[in-house]
There are 2 protein chains.
Amino acid sequence: MSLRHAVLGLIAELEGASGYDLLKLFDLSLANVWTATQSQIYGELGRLAADGLIRVAAEGPRGRKEYAITEAGRAEMRRWLTETRPRYLRRDEPLLRVFFLGQVGADTAAELLDADSAGIDGLLDELVALDERIPWKEDDLSFYGGLVIEYGKRFMEMRRDWARWARGEVEARAAGD
Amino acid sequence: MSLRHAVLGLIAELEGASGYDLLKLFDLSLANVWTATQSQIYGELGRLAADGLIRVAAEGPRGRKEYAITEAGRAEMRRWLTETRPRYLRRDEPLLRVFFLGQVGADTAAELLDADSAGIDGLLDELVALDERIPWKEDDLSFYGGLVIEYGKRFMEMRRDWARWARGEVEARAAGD
DNA sequence: CGATGACATTCCACTTTTGACATGTCAACA
DNA sequence: TGTTGACATGTCAAAAGTGGAATGTCATCG
């Protein structure tokens, strides 16, 4: 139930956010950490409110509902952070393909690894652009968000370097070896 | 539909595998790439067979069914590898927690980052043990599997180093800064 | 011979995620 | 004034994933 806590956590940090705000926030701040579709967010907001972890604090124009976290919600966030262990879920489609690259020729394999490093480079550029677009402040969210951005950069660089190295290995093997 | 191709790809590489074999293989070879439960694997085998991408090549004792890939299955594997673009799905629960670490004190945040790097160290140890347990050969699966293992090691090291760095940042900030 | 544990499959209820479709409001600009 | 585009929510069917129960076979060991 991580989505639930992603939504709850964002509302905790930004009182008065609406579903629509959260939707943009997922792209902006949680982009390389967690994804969510619109239907998931609105659904979860309804469930969180039904469970008393958040409440509709105000209603604005166009049916806008601004949510605020409740005391029960804050307690649940703390409980989740300190009393549950995170799951490291391992599901990586580009890497899954690498595993089966023997099923195409070495040339194609090298091309696919090139495409992978290029794709990662693109993601890295996006992340750097994001970093520059964010109005960094002195608050907790900026601080911890900054740690996460740094993680993203290190991850992309590691991954790109690995893809380049792997491509070299494939070439060396094809060249005879 | 990555699970489908994970199952199909394994059968392509290891003709004569059963659902039970695949189940163990997911733990052994795909552990840090893709996960699957028993019910998922058996379900997917049934669907792949119904779609003509694999067939039951032999039946063994205890109701064992050994599968073989069909020509249509091989074609589908190649199509998937070369004609579709992988999705980089970003969903990382430990990292999601970091994002919200402002909601607990700096002491707790530092502890949680310690737990993260310790957890990753554990995963790295498992991976090294796995590497040593695998009977490496000269075939394609060993070669590409080796690239994936190397990726896993680089990933774990990067992640552990990041967690240690992040913990230092949290301490420095708490100390006054 | 009986117990155990690895082998092996099937099925099911539930939750989560995906990818639309549908509906409507409001501000700004041509 | 009309139209465009951002704002804003609700709902739903289908696909994917989780977690466990139920069932039975076969080989080995004491």
Side-chain angles (χ1 to χ4, degrees), chain A residues 1-8 10-11 14 16-28 30-31 33-51 54 56-67 80 84-93 96, chain B residues 1-8 10-11 14 16-28 30-31 33-51 54 56-67 80 84-93 96:
Chain A
M1 293 228 283
S2 292
L3 174 76
R4 154 160 280 209
H5 295 97
V7 170
L8 185 57
L10 283 179
I11 290 172
L14 289 113
S18 67
Y20 190 82
D21 293 339
L22 255 31
L23 191 56
K24 285 179 301 173
L25 229 36
F26 262 84
D27 277 347
L28 184 69
L30 290 177
V33 176
W34 208 268
T35 55
T37 60
Q38 183 250 39
S39 52
Q40 260 185 305
I41 290 172
Y42 283 106
E44 198 57 57
L45 283 170
R47 264 168 270 135
L48 283 166
D51 293 346
I54 60 175
V56 178
E59 304 210 17
R62 287 175 270 206
R64 176 188 175 91
K65 292 180 188 170
E66 298 185 346
Y67 291 93
W80 177 68
T84 66
R85 289 294 101 215
R87 294 167 42 178
Y88 293 86
L89 73 67
R90 283 157 290 184
R91 210 159 268 178
D92 188 321
E93 198 186 318
L96 179 63
Chain B
M1 292 228 283
S2 293
L3 173 76
R4 151 160 281 209
H5 296 98
V7 169
L8 184 57
L10 282 178
I11 291 173
L14 289 113
S18 67
Y20 191 81
D21 292 339
L22 256 32
L23 192 56
K24 284 179 301 174
L25 229 37
F26 262 84
D27 277 348
L28 184 70
L30 290 177
V33 176
W34 208 269
T35 55
T37 60
Q38 183 247 41
S39 52
Q40 258 185 306
I41 290 172
Y42 282 106
E44 199 57 56
L45 283 171
R47 262 167 270 137
L48 283 166
D51 293 346
I54 61 175
V56 178
E59 304 210 15
R62 286 175 269 203
R64 176 187 174 93
K65 292 181 188 169
E66 298 186 346
Y67 291 94
W80 177 68
T84 65
R85 290 294 102 215
R87 293 167 44 179
Y88 293 87
L89 73 64
R90 284 158 289 185
R91 211 160 267 179
D92 188 322
E93 197 187 318
L96 179 63

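In what follows, chains carry the letters A, B, and so on, assigned in the order in which the sequence lines appear, proteins first and then strands, with residues in each chain numbered from 1. Note that these values count all heavy atoms, side chains included, but never hydrogens, waters or copies made by symmetry.
- From B:L14, atom CG reaches atom CG of B:L25 across 5.5 Å, with rounding to the nearest 0.5 Å.
- One atom, CD of A:E44, and another, P of C:dT16, lie 8 Å apart when rounded to the nearest Å.
- Proximity of residues 84-92 of chain A to DNA chain C (heavy atom under 4.0 angstrom from any strand atom) is not detected for any residue.
- The nearest whole Å value for the distance from the CD atom in A:E93 to the C1' atom in D:dA16 is 13 Å.
- B:F26 has its CZ atom 13 Å from the C1' atom of D:dA16, to the nearest Å.
- For the pair A:I41 CD1 and C:dT17 P, the computed distance is 12 Å after rounding to whole Å.
- Side-chain contact between A:D21 and A:Y67 is absent, with no heavy atoms from C-beta onward closer than 4.5 Å.
- A:D51 is listed as a side-chain neighbour of A:R4, based on a closest heavy-atom distance under 4.5 Å.
- The shortest side-chain heavy-atom distance between B:Q38 and B:Y20 does not fall under the 4.5 Å cut-off.
- In this structure, CZ of A:R47 is placed 12 Å from P of D:dG10, rounded to the nearest angstrom.
- We find the OH-CG distance between B:Y42 and B:L22 to be 9.0 Å, quoted to the nearest 0.5 Å.
- To the nearest 0.5 Å, the span separating CG on A:L96 from NE2 on B:H5 amounts to 9.5 Å.
- Taking the side chain as every heavy atom from C-beta outward, A:V7 and A:I54 never approach each other to under 4.5 Å.
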Contact letters for nucleotides 3-14 of chain C, in which S counts primed atoms plus P, OP1 and OP2 and B counts the base, heavy atoms under 4.0 Å: ---BBBBBBB--
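- Side-chain N/O atoms of B:Q40 include one lying less than 4.0 angstrom from OP1 or OP2 on D:dT18.
- Put simply, the side chain of A:L89 does not reach to within 4.5 Å of the side chain of B:T35, judged on heavy atoms.
- Between A:W34 atom CH2 and C:dT16 atom P there is a gap of 11 Å when expressed in whole angstrom units.
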